[in-house]
Structures are given as structure tokens and as C-alpha cells.
Amino acid sequence: MAAKIQVTNLKKNYGSNEVLKGLDLSVAEKEVVCMIGPSGSGKSTFLRCLNKLEDLTSGSIVVDGHDISDAKTDLNVIRQNIGMVFQHFNLFPHVTVLENIILAPVELKKETREEAVEEAKRLLAQVGLSDKADAAPNSLSGGQKQRVAIARALAMKPDIMLFDEPTSALDPEMVGDVLDVMKQLAKDGMTMVVVTHEMGFAKEVADRVVFMADGYILESSTPDEIFSHPKNDRTKDFLNKVL
Ligand code: ADP
Ligand code: MG
């Protein structure tokens, strides 16, 4: 089966700063890949390249058979298929939770308001927030905001979801609810790339764990291999610090 995401020799520089130094990664349909590694190693930059929020310096990224580095590729179609959730949720503060979720489907996918509202209610139930449709974003806790952000991304019916440290800004007691939503998504067969410091989540949910440092992928393996038998010294050193 063709890869859902195929990254080949990806390099990304900011000026003279070489951030990604030649990455190869293949993600299969329905696979959950967790990316771990020290701060500054290029994890966020890598995710941003995957939906072309950044221009690539060289190399290629093929998503569902479309080369996103090719100028002829319609990036809007690619981006509509890739949901992204960040550490900071960036909900629109002046409209309700429900309006946050239906905005993009109505504006970009030309869904009727009725269809979008129905889907938004289903998604709010999925993330455990059925009672918050009419709430103002600022009345929610961080964990609730992040679950709305996930529902908002899902409203575009993406078939790939990218998560960049979705629980890093949350109080500890909020983390579990957000991870539970992500676990369920994984079970339902979503293709996911998740940058996370939640090693428990990576162990339990990932099909594969990728260790990045200094702009390289140094190790890529099953959670059991990475956590129980890391091969690279940098991986060992990192895991010693975080586990
Ligand atoms: P990580 O997510 O692993 O912490 P990042 O991808 O955020 O790493 O950053 C990797 C490197 O890229 C850092 O040296 C950072 O300063 C640099 N960097 C990230 N984004 C930008 C940007 N927009 N402009 C210039 N340098 C950047
Ligand atoms: Mg980051």
C-alpha cells in the first residue's frame, strides 16, 4: 500500500540555520507516529512542513500521492485534508464554541449552516463537551479549549491529524481528557503524527516512535524497542532525562 505521507531527504534552513538536515519518514494510512526529542531539535518545524506552513529548502513531501513541494499542487485541498492542533489553541474569542467549529466548514467547504451545526454537535459529543456549544471560549478551561480545538480541526473531515505538543500548556489534571480524545481518534483509524512529551501516551498509542535530535531522525522504531531497548546513545540519554 502506498504511504499516506512520504517524506524524502527533507531539509529546511532558516537563513544559515540548518534546522532539518535530511529527514526521511514514511507514514502509512491509519498509522500513529509519535515524535519525541529535545527542545530545538526541529519537531515543530517538521510538522509545519508537512502541511506546507513552511517552504521546504529541499527534498520532497508526498501526501496521498500529491507532491506538496510541486508548485502545481493545490495546497488548499491538501490543507483541508490535514488537521492541525497546536500547543496554544487559538480559538476565536468573540464567538461561541459552536461558531468556532462551523466557521471553516461553512466558509471553506461550503457546507450549509445546518449540516455544519449538526456535525459540530456530533463532534462536541465526541470530545465530551456537548453542554458547551453556546459557551464563550474564554469561559472554558485549557483542557476544554484544547478539545474544542480538536473538534474544530475534525470539522473539516481531515484524514490526517498533526498534533504539536497538544497537552504541554495544560494543567496536569486536564491532560488526561485531551489524551483520551486522541486515543479514541487513533482507535477510530485516524492517521496521526503527534509531537509529544507524554511518554505514556507514546508507549500506549503509537505504532511507531521517532526520536529527533539536532535536525535528524536518529531512531525510529516500535514503542517497545525505543523505550525498552533504545539503540542510539542520544535516545538513551534523552529517555533517561524524561522517564
Ligand atoms: P522543536 O519543536 O523540536 O523544539 P523547532 O522546530 O521549534 O524545534 O525549532 C528548531 C530550530 O529552528 C530552533 O533553532 C529554532 O530557533 C529554529 N526556528 C524555528 N522556527 C523558526 C522561524 N520561524 N524562524 C527562524 N528560526 C526558526
Ligand atoms: Mg516544538
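Side-chain atoms are counted along with the backbone in the values below, which use heavy atoms only and exclude waters and symmetry mates. Note that ligands are numbered from 1 as they come in the structure, with each ligand's atoms numbered from 1 the same way.
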| Reported CZ-to-CD1 distance for the pair Arg152 and Ile102, which is rounded to 0.5 angstrom |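 Going from CZ on Arg152 over to CD1 on Ile102, the span is 13.0 Å.
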Which protein heavy atom lies closest to [atom], and at what distance to 0.1 Å?
atom                    : result
atom 12 (O) of ligand 1 : Val19 CG2, 3.2 Å
atom 13 (C) of ligand 1 : Gly40 O, 4.2 Å
atom 8 (O) of ligand 1  : Gly42 N, 3.1 Å
atom 14 (O) of ligand 1 : Asn17 ND2, 3.6 Å
atom 25 (C) of ligand 1 : Tyr14 CG, 3.3 Å

Taking only heavy atoms of [X], which atoms of ligand 1 are found under 4.0 Å from at least one of them?
X     : value
Ser44 : 1 (P), 2 (O), 6 (O), 7 (O)
Ser39 : 4 (O)
Ser41 : 1 (P), 3 (O), 8 (O)

query = Hey, is Thr45 touching ligand 1 through its side chain, its backbone, both or neither, going by heavy atoms under 4.0 Å?
reply =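 Contact part for Thr45 vs ligand 1: both backbone and side chain.
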Does the distance from a Lys or Arg side-chain N to an Asp or Glu carboxylate O, for Arg208 and Glu225, drop under 4.0 Å?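 Answer for the salt bridge query: no.
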Worksheet entry | Thr45 near the Mg ion (ligand 2) via N/O/S, less than 2.8 Å |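 Under 2.8 Å: Thr45 has no N, O or S contact with the Mg ion (ligand 2).
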Beyond-backbone contact of Leu10 with Leu56, side-chain heavy atoms, under 4.5 angstrom: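 Of all side-chain heavy-atom pairs linking Leu56 with Leu10, at least one is under 4.5 Å.
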Practice problem: Return yes if a side-chain donor-acceptor contact under 3.5 Å exists between Asp67 and Ser69, otherwise no. | Solution: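 Yes, because at least one side-chain N or O of Asp67 sits under 3.5 Å from a partner of the opposite role on Ser69.
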query: Hey, quick one: are Leu243 and Phe201 part of the same hydrophobic cluster, counting side-chain heavy atoms closer than 4.5 Å, chains of contacts allowed?
result: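 No: no chain of side-chain contacts under 4.5 Å links Leu243 to Phe201.
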Donor-acceptor pair, Arg113 side chain versus Val106 backbone, under 3.5 Å?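 Checked: no pair found.
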* To do: Examine distances only and state if a side-chain atom of Lys132 and a backbone atom of Lys145 form a donor-acceptor pair shorter than 3.5 Å.
  =>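 Side chain of Lys132 to backbone of Lys145, a donor-acceptor pair under 3.5 Å: no, none is there.
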